[in-house]
Protein chains: 2
Amino acid sequence: MSKKWVYLFKEGNANMKELLGGKGAGLAEMTNIGLPVPGGFTVTTEACTEYYNQDQKLSDEIIGQINDNLAILEKECEKVFGNVDNPLLVSVRSGAKFSMPGMMDTILNLGLNDETVAGIAKSTNNERFAFDSYRRFIQMFGDVVQEISKDKFDDVLDSAKEKNGYKDDTELTADDLKEIVVAYKKIVKEETGKDFPLDPKEQLLMAIEAVFRSWNNNRAISYRNMNDIPHDIGTAVNVQSMVYGNMGDDCGTGVAFTRNPATGQKKLFGEFLINAQGEDVVAGIRTPKDIDELKDIMPDVYKQFHDTAALLENHYKDMQDIEFTIEKSKLFMLQTRTGKRTAAAALRAAVEMVEEGLITKEEAILRLDPLSLDQLLHPTFEAEALKAAELLATGLPASPGAATGKIYFTAEAVCEAVANGEETLLVRKETSPEDIEGMYAANGILTARGGMTSHAAVVARGMGKCCVAGCEMIKVDEAAKKFVVGNQTFTEGDFISLNGSTGNVYKGSIKTVTPELSGHFGQIMKWSDEMRKLKVRTNADTPNDASVAVQFGAEGIGLCRTEHMFFDEHRLPSVRRMILAESSKELREKALAEILPMQKEDFIGIYKAMEGRPVTVRLLDPPLHEFLPKETKDIEALAADMGIAFEDMVTVIHGLEEFNPMLGHRGCRLAITYPEIAEMQTRAIMEAAIEVKEQDGFDVIPEIMIPLIGINEELTYLDKVVRNIAELVKKEKNSDIKYLVGTMMEIPRATLIADQIAETAEFFSFGTNDLTQMTYGFSRDDAGKFITDYKDKGILPNDPFQSIDVEGVGKLVEMGVMLGRKTKPDLKIGVCGEHGGDPKSITFFHNAGLSYVSCSPFRVPIARLAAAQAALNEAKK
Amino acid sequence: MSKKWVYLFKEGNANMKELLGGKGAGLAEMTNIGLPVPGGFTVTTEACTEYYNQDQKLSDEIIGQINDNLAILEKECEKVFGNVDNPLLVSVRSGAKFSMPGMMDTILNLGLNDETVAGIAKSTNNERFAFDSYRRFIQMFGDVVQEISKDKFDDVLDSAKEKNGYKDDTELTADDLKEIVVAYKKIVKEETGKDFPLDPKEQLLMAIEAVFRSWNNNRAISYRNMNDIPHDIGTAVNVQSMVYGNMGDDCGTGVAFTRNPATGQKKLFGEFLINAQGEDVVAGIRTPKDIDELKDIMPDVYKQFHDTAALLENHYKDMQDIEFTIEKSKLFMLQTRTGKRTAAAALRAAVEMVEEGLITKEEAILRLDPLSLDQLLHPTFEAEALKAAELLATGLPASPGAATGKIYFTAEAVCEAVANGEETLLVRKETSPEDIEGMYAANGILTARGGMTSHAAVVARGMGKCCVAGCEMIKVDEAAKKFVVGNQTFTEGDFISLNGSTGNVYKGSIKTVTPELSGHFGQIMKWSDEMRKLKVRTNADTPNDASVAVQFGAEGIGLCRTEHMFFDEHRLPSVRRMILAESSKELREKALAEILPMQKEDFIGIYKAMEGRPVTVRLLDPPLHEFLPKETKDIEALAADMGIAFEDMVTVIHGLEEFNPMLGHRGCRLAITYPEIAEMQTRAIMEAAIEVKEQDGFDVIPEIMIPLIGINEELTYLDKVVRNIAELVKKEKNSDIKYLVGTMMEIPRATLIADQIAETAEFFSFGTNDLTQMTYGFSRDDAGKFITDYKDKGILPNDPFQSIDVEGVGKLVEMGVMLGRKTKPDLKIGVCGEHGGDPKSITFFHNAGLSYVSCSPFRVPIARLAAAQAALNEAKK
């Protein structure tokens, strides 16, 4: 029983992408629906795998099947491979399951040799065409199959032109080309030690093997690495009889989309060249014409192509990207595939296709890439203005959008400039929590150090603020208020511009354009909301963030961090007095009393912005030393301010330092040591809620969230502390307001004893950032040292901080959900780590049965769409 | 249906400890086997719980049953409660399931009042005795039940003696005592506002309630906290008719053990007083006589007691601690319970009882406390020498044993002094890995800072070296080579002595005694080995540790850390050169080549010491910055030594610093970045094994252990690295030696994907220290800041680093075992964290199906016994 390694086009179909590759499946499908496709066959991806299994050799069985199918092709085309009078010529192209541009160049005109070239000359009555094709074939074959440097061939061509005083290739005569063919064959002999293969069958097998080899060239491997394509699926090879768009003015070639890939408009979009081969369009030697013009030049062919395109879109129910050739007024289809498009085009096409009845709403939702929506939510540079801009450097695209402004090197300077009405950018070596105010005030952030998960990157994404991080080409000198890049120096107040979507840094100011969320966007969101089961909340710490998120459709706040409020420069002195109170509960309570009204105002603003939607407030989380100064001069200032000796202040600060702050005195551990802090925060949360309810009529139900629970008794202890104060406030204010007390699930142990924790907790929220850190035993701050190595060595193909690690961390999430619901079947369970805005992770959270995801405001639309897809995909199963 | 709240002694038995308390069950059992026990009854522990449930009130039902049983008691004793002519008097004593010394004082002579005292005077024909009993009763009742300060009563007594010029209580006449009774009753009236209760039934109920209340007094609560006794089990109350040892010279009272509780020798051991009550023996006013002397004074009573004691031991099949009273030549048994004993006595008694046929080997094994064996393994101070010693300070008993020597303040100074033949102690503020050599050379270690899990404590326990840690009373000035305690200053070379079992620090040298492991010890170990299923290995990094462990019965090394070898002062320069090679693989390999022969020598020594037993070697684990100097002067020296600019050296060192080293670049992550290190170590391990096999004939099978695996690809990558070198070495040496490659299970994620990991790993070893840290999200180094608060607030009753957290960390261990064995049913799985030497944890590991535990050498005997007990307990189920 032999396996089928080769399929004629008519034997395949669109669903066989895995076996035939994308191109092969497309050719097969078009053949079967009766479109004019030049005959041919596909050697399968399995043959590629077999080739590697057999130590890079084609088995006799595969060779046999190739020859059998070649014979059928000869019969179909009524031409014969290698026949002098009526030779069959073929193209050989690679085609994997996933599109991998540039993996291997195409070989055209395979089958030409010293004899068949004459047959072509005779049958086309064009000797020059025949020899031009022949010399092109030798060059392509030499380059692609035999790995001979292209330059060597070009040198021969150039010197022939020089000798004859030609400017263009087109001036070469048939005789010139014959000489060139001879010279080319000499190169091959010199380089390979063998004659150029004249046997067409030998040429074909060599070409097929070359395609298989190209699967593992460096370009292909790194492309697969970058695009998460498996390395073991192999490529197919398509062998197709040649048609020619370059045999005269009744010939041509072109590429077209069934809809505009930039806007989504339903109208053929594309271009073509008369008397040219496909590669000429790509090479850009001549300027192609708009596809509309074909209507005037070849009305019949245009109509046929127009109808065929419509038929293909209708058949595939999606925008198609089509390649065609016209040979002597006859249309041939060479490729069709789903057309790549911008996010805006994708939305419009999806909505309009539903309106046209072409696809269902569900299909429309499923075909959109949630992440691409991000393009539509952020400012971009005006295209014209950008053209004139000078690129200074490129860093990491840490948080998308475009921003322009005057540079400042400290948060204070930014805030001051913004107060004076300036547009600003914050430039730092790296940011720290003390910079929050400045980050918030600036239009964008540029850092010289730090990766995609550095403080600057994480905070900026949270704020939806443009950020270029880790831009190591710039040397920042904060003290001197300048940065140097190349031989240019930029000082405070100079304008630069940042593109956080690409990581580009430009000199000067570039005009930005604020995006408008079109009606198609709204329609897609509306459909998504109808389909999804997961609620979508946002992580927001300010009224402004909250408002933005509500506009993006957030249904509540899943994480309101309270520590950012502590970093406000007007509050920091009180916060520091609270911390430095140390063993004096009295002093600490006094300092907390100063903070209370400020925290309360924060919550009032947020509740109002959320207009009655639920708000989950997390109690203070970071270790206290984060609020204390690190630099000697700042410590001196603080000591003077507090009337403490400098040495004593240093001692206190050192005493608070930790070996592993991530695993130290923070989260609920702080609240257990200093219940006064939790009490103050609870009071602020409750008083604000009661006030907003009474004054604005919003029915606020605050959800008080206790972080870092790992031991059941931590929660039972703090639950009492919180409830005591909450009830006290209710009594004081004579209010019957409702509130919930719940916990983060971010310590591995919490997920293991979630059944116990659910006895007290009224909700869970998975903090997957910390859960990932502890489950992996990685600190994000330190992992940079080895993570690059891990990626290079294929040890960590995906970043578990970006997309949830389903098999490890995910198992703990599932356990937490299962155990929590065992105790409380209706337990509300959310996620508020960065994974809450990641589509892949959202699929997992949906399947795990979570109630909601919470993400940064700019991720909310993405999450809504991804949640809908998750629900649809589940229903499909 | 009413519940039974009260049991007559004859209604109970020895198995009813939970309901009747230990004392009540003992009295019941003795009553039922026909021993002379004064009649009485027990109010159950359930009644105590009910008392608390009913808001601290005795229900009518309970009161009713007390009265019913009182009536039966009256009938039995032929006396009547409150009857003037023939009054029944009773004692009231608490008695919980677990012995809780000092929880509540006993009340004697309850039932006395102004009328019954006359009856007693008449029936005993001793008015003085009657009134002395009465005034004692009022004082006891006032103190214990009515919470009146004892001093008030003592003042009256003292002034009466003073007034009459008496020196002793015994000089008080009946009339004096009558006056005192009047004065005592006045005190009661003044303090409580009520008359002293004269109704015996009221007295009884008040006394019973007082016992119940005493269950929740501060002393009792903290005793339970310290001893892991649940708070909700309540206490019983024993009401028993009085007998008197103080009615004349034919009376007496005493306490005796059926065997010697210090040595275990089979011979009555105890003491008695003639004409005294039980409390007189305790009070120590008169010197009691040896129990042997009773033979001469009351031969019949002695014989009866001797036989009764033998009968009780026989009955309970264990050494008994017995209280008795002789009333007018009649013996009464008042208590029997299992006698507390030293570890040595426990061993001897257990072995001899098996030889006597009293108990089985299994019973002998089960009744020993594994942890108590520790007493027998370490040096102790000579008792006489200790008496003369001056106690300077007390720290934490971090690692047991006694040590004496001259103090030195740096590891170098210790090493030098030891090289000169001195006995030394290392005194430091706190130790760091750089001190390892000095810790090893010194007789003991004293630190001023750090807890039971500090570096000094952990390493010292690992070495079996005496250590007192966190001794904050001493102020260490390392630079000045001195420490100050109180107003005394000790400088380099002064003698002090340490008791690591108590935390005591003494002035001067005290002679120590090295323990001998007696035949009983060996016998118990032999029986343990027959019964246990878990293998017991040791954690050992040196040939000396390995030898000690083998003497203690270790069956292999479960964890040989290689980093300690890197700290050797002769190697550190090479290690540092390796680290500072940074991006130069060549320089690093050169430095590694210098280390290779030294590592190889280490392994040769260890293999020889283990004589063919398996040795698991863990590849380098700690982050590299641990090997670099921290002090400026050390950095300067290193920079000079390496010919690097100081600033550059500082930059490199800073570059290696981490925010959270625990979660940083260490373990297998190091080996992935620098495979050369793993390759050098593998070569050393293999070459040493082959050499020892060939030269000494030991069939060494090295087990190479890769630490900190969390991702399957980490292991597959390093497995290849290790195997490549191992195979290369085998080929070079022409050897067919066997070896295994396995991994630590210490990252939570590893336990979750253990099925994948087991595909490559040939063994697992749970590193429960790190696993606990990451599962809890605690860093041991930092947890000190909040852990005290956690204990105070009852949030963390047990230290999860001491005894494994079964419900959290344990769940991950079980998952790792289950998944690992799913892939490889016979997978060898051990544990090498500190939990490997903890009996409670060993029970868990046995039940979880582990193959072995590995612990520090001095824990090996403990683990052998604990493993046997775990196996026996499992078999019982």
Side-chain angles (χ1 to χ4, degrees), chain A residues 623 655-667 669-670 672-673 708 710-714 716-717 746-753 756 770-790 793-797 800 805 807-812 815, chain B residues 623 655-667 669-670 672-673 708 710-714 716-717 746-753 756 770-790 793-797 800 805 807-812 815:
Chain A
L656 284 169
E657 277 170 11
E658 297 183 298
F659 294 102
N660 296 286
M662 177 66 56
L663 307 175
H665 195 194
R666 65 184 193 100
R669 301 164 194 171
L670 280 179
I672 287 171
T673 315
L708 221 69
I711 305 171
N712 191 34
E713 287 72 17
E714 290 173 329
T716 54
Y717 180 85
E746 53 188 339
I747 296 279
R749 191 173 186 278
T751 65
L752 300 168
I753 58 157
Q756 294 175 29
D770 274 13
L771 190 60
T772 300
Q773 294 197 82
M774 293 177 198
T775 306
Y776 272 91
F778 276 3
S779 145
R780 280 171 80 156
D781 295 323
D782 300 308
K785 286 187 189 156
F786 52 89
I787 221 96
T788 318
D789 232 43
Y790 269 39
K793 290 174 175 162
I795 288 168
L796 202 62
D805 158 45
E807 59 185 8
V809 179
K811 215 178 258 187
L812 292 180
M815 198 171 309
Chain B
L656 284 168
E657 278 170 9
E658 297 183 298
F659 294 101
N660 296 287
M662 175 67 55
L663 306 176
H665 196 192
R666 65 185 194 100
R669 302 164 193 171
L670 279 179
I672 288 171
T673 315
L708 220 68
I711 305 171
N712 191 33
E713 286 73 16
E714 290 173 330
T716 54
Y717 180 86
E746 52 188 338
I747 297 279
R749 192 173 186 278
T751 65
L752 300 169
I753 58 157
Q756 294 175 32
D770 273 12
L771 190 60
T772 300
Q773 295 199 80
M774 291 179 202
T775 305
Y776 271 92
F778 277 3
S779 145
R780 280 172 79 154
D781 294 323
D782 300 308
K785 287 188 188 157
F786 53 89
I787 221 97
T788 318
D789 231 44
Y790 270 39
K793 290 176 175 161
I795 288 169
L796 202 64
D805 158 45
E807 59 184 9
V809 179
K811 215 178 258 188
L812 291 180
M815 198 169 312

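In what follows, chains carry the letters A, B, and so on, assigned in the order in which the sequence lines appear, proteins first and then strands, with residues in each chain numbered from 1. The analysis underlying the following values was restricted to heavy atoms, covering all of them including side chains, and did not include hydrogens, waters or symmetry mates.
- The residue among B:Leu670, B:Thr716, B:Thr775 with the most heavy atom pairs within less than 4.5 Å of chain A is B:Thr775.
- Chain A forms more heavy-atom pairs under 4.5 Å with one residue of B:Asp789, B:Thr673, B:Asp782 than with any other, namely B:Asp782.
- Contact annotation for A:Ile672: both backbone and side-chain heavy atoms come within less than 4.5 Å of a heavy atom of chain B.
- When the candidates A:Met815, A:Gln773, A:Met662 are compared by the number of heavy-atom contacts under 4.5 Å with chain B, A:Met662 comes out ahead.
- Contact annotation for A:Phe659: both backbone and side-chain heavy atoms come within less than 4.5 Å of a heavy atom of chain B.
- Between chain B and the residues A:Glu658, A:His665, A:Arg669, the most heavy-atom pairs under 4.5 angstrom are made by A:Arg669.
- B:Tyr790 places none of its side-chain heavy atoms less than 4.5 Å from the side chain of A:Glu713.
- Taking chain B as the reference chain and counting heavy-atom pairs below 4.5 Å, the highest number among A:Gly794, A:Gly664, A:Pro800, A:Ala783 is found for A:Gly664.
- For the pair A:Tyr776/B:Ile711, a side-chain contact is recorded, criterion being any heavy-atom separation below 4.5 Å from C-beta on.
- The shortest side-chain heavy-atom distance between B:Asn660 and A:Asp781 falls under the 4.5 Å cut-off.
- For A:Leu708, no part lies under 4.5 angstrom from a heavy atom of chain B.
- Contacts with chain A were tallied for B:Pro661, B:Gly710, B:Gly667; B:Pro661 has the most, counting heavy-atom pairs under 4.5 Å.
- Partners of A:Asp805 according to the salt bridge (charged side-chain N to carboxylate O under 4.0 Å, His left out) rule, which considers only residues two or more places apart in sequence or in another chain, are B:Arg749.
- For B:Glu657, the salt bridge (charged side-chain N to carboxylate O under 4.0 Å, His left out) test picks out no residue, with sequence neighbours left out.
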